[in-house]
J.: 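Pasting in a structure now, in structure tokens, and then I'll have a few things to ask.
Start at 1 and go down the list; that is how both ligands and their atoms are numbered.
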Amino acid sequence: MENDFETLIESFIKDNVGIADHFINHPLAQHLKQNLLTLLAENKLMAAGTGNQQTILMDQSIRSDSIYWLDRNHHNVYEDEFFDLIDDFVKYLNRSCFAGITSYEFHYSLYEQGSYYQKHLDQFKNNTSRKYSMISYLNDDWVEADGGQLRIYQNYNNKTINPTEGKTVFFKSNELAHEVLVTNQRRMSITGWLKRD
Ligand code: OGA
Ligand code: NI
């Protein structure tokens, strides 16, 4: 586990974009994906907005995914297992990089075929508490032609990342503009932010 933390942090330090291919183990990824499919079947996913409560802007022309927030109060064993992993990672990050993270928030995301998220930054204009963005993918059998890549923009060093199962991507929320390219398959993930309040 600490190996995956190292992989994520070392690649982040080297490249500004951390990538660990197997941050979420296969059984956990499968269970979280099943949770998401159950939420979909129960009609519990909501169209995602952009902006926070003060400036909520529902704009399906900017993003067309649907979301559901994870919460320890759900007493779902797989959400708890995910949060336990994140707790360990935050401890590791705070110890090794003095990141000073004090809280976090994560939601499931589901992009149906044809969905996307246009180029944006993850930090709100009126609230800068989101320090790091962290996205974990739940898609087994993903191939290049399925699209839905995460594209991260950096001068001369753009990255195009396939959303394959277990992979986690980590970067600074206020620095790197990024987008989700149109997906040709249903695309599932858990997206969140490590915060300093
Ligand atoms: C986001 C986002 C990227 C992805 O939800 O803010 O940029 O790959 N997601 O799902
Ligand atoms: Ni984003």
J.: What protein heavy atom is closest to atom 10 (O) of ligand 1, reported as residue, atom name and distance in Å?
T.: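 For atom 10 (O) of ligand 1, the nearest protein heavy atom comes out as R187 NH1, 2.9 Å.
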
J.: Output yes when K159 and D15 qualify as a salt bridge under the 4.0 Å nitrogen-oxygen rule, no when they do not.
T.: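 Between D15 and K159 there is a salt bridge, with a charged N closer than 4.0 Å to a carboxylate O.
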
J.: Are E105 and R130 close enough for a salt bridge, meaning some N to O gap below 4.0 Å?
T.: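 Looking at R130 together with E105, the answer is yes, because their closest N to O distance falls below 4.0 Å.
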
J.: Note the single closest protein heavy atom to atom 1 (C) of ligand 1, along with its residue, its atom name and the distance in Å.
T.: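 For atom 1 (C) of ligand 1, the nearest protein heavy atom comes out as Y117 CE1, 3.6 Å.
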
J.: Looking at Y78, is its backbone amide N or carbonyl O close enough to the side chain of N35 to form a donor-acceptor pair, meaning the two atoms are under 3.5 Å apart?
T.: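 Not confirmed, N35 side chain does not pair with Y78 backbone.
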
J.: Write out the residue and atom name of the closest protein heavy atom to atom 5 (O) of ligand 1, then the distance separating them to 0.1 Å.
T.: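 Closest protein heavy atom to atom 5 (O) of ligand 1: T191 CG2, 3.5 Å.
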
J.: Y153 ring centre to K119 NZ or CZ under 6.0 Å, with the angle to the axis within 45°?
T.: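 Output yes; distance and angle both within limits.
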
J.: Have a look at the Ni ion (ligand 2) and estimate, to 10 degrees, the angle subtended by NE2 (H120) and NE2 (H178).
T.: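 The two atoms subtend 90° at the Ni ion (ligand 2).
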
J.: Quick one: does ligand 1 sit under 4.0 Å from the side chain of V169, the backbone, both or neither, non-hydrogen atoms only?
T.: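 For V169, no heavy atom sits under 4.0 Å from ligand 1.
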
J.: Could D146 and R186 be called an ion pair, given the rule that one side-chain N must be under 4.0 Å from one carboxylate O?
T.: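 R186 and D146: not salt-bridged.
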
J.: Check ligand 1 against D122 and write out every atom of the ligand that is under 4.0 Å from a heavy-atom position of the residue.
T.: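 Close to D122: 6 (O).
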
J.: Salt-bridged, D87 to R72, with N to O below 4.0 Å?
T.: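 Answer for the salt bridge query: yes.
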
J.: Could you identify the N, O or S atom of D122 positioned closest to the Ni ion (ligand 2)?
T.: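 Nearest N/O/S atom: OD1.
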
J.: Would you call K33-D140 a salt bridge at under 4.0 Å N-O?
T.: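 Looking at K33 and D140, the cut-off is met.
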
J.: Closest non-hydrogen protein atom to atom 8 (O) of ligand 1, residue and atom name please, with distance?
T.: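 For atom 8 (O) of ligand 1, the nearest protein heavy atom is Y137 OH, 2.6 Å.
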
J.: Which bit of E179 gets closer than 4.0 Å to ligand 1, counting heavy atoms only: side chain, backbone, both or neither?
T.: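 Neither; no heavy atom under 4.0 Å.
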
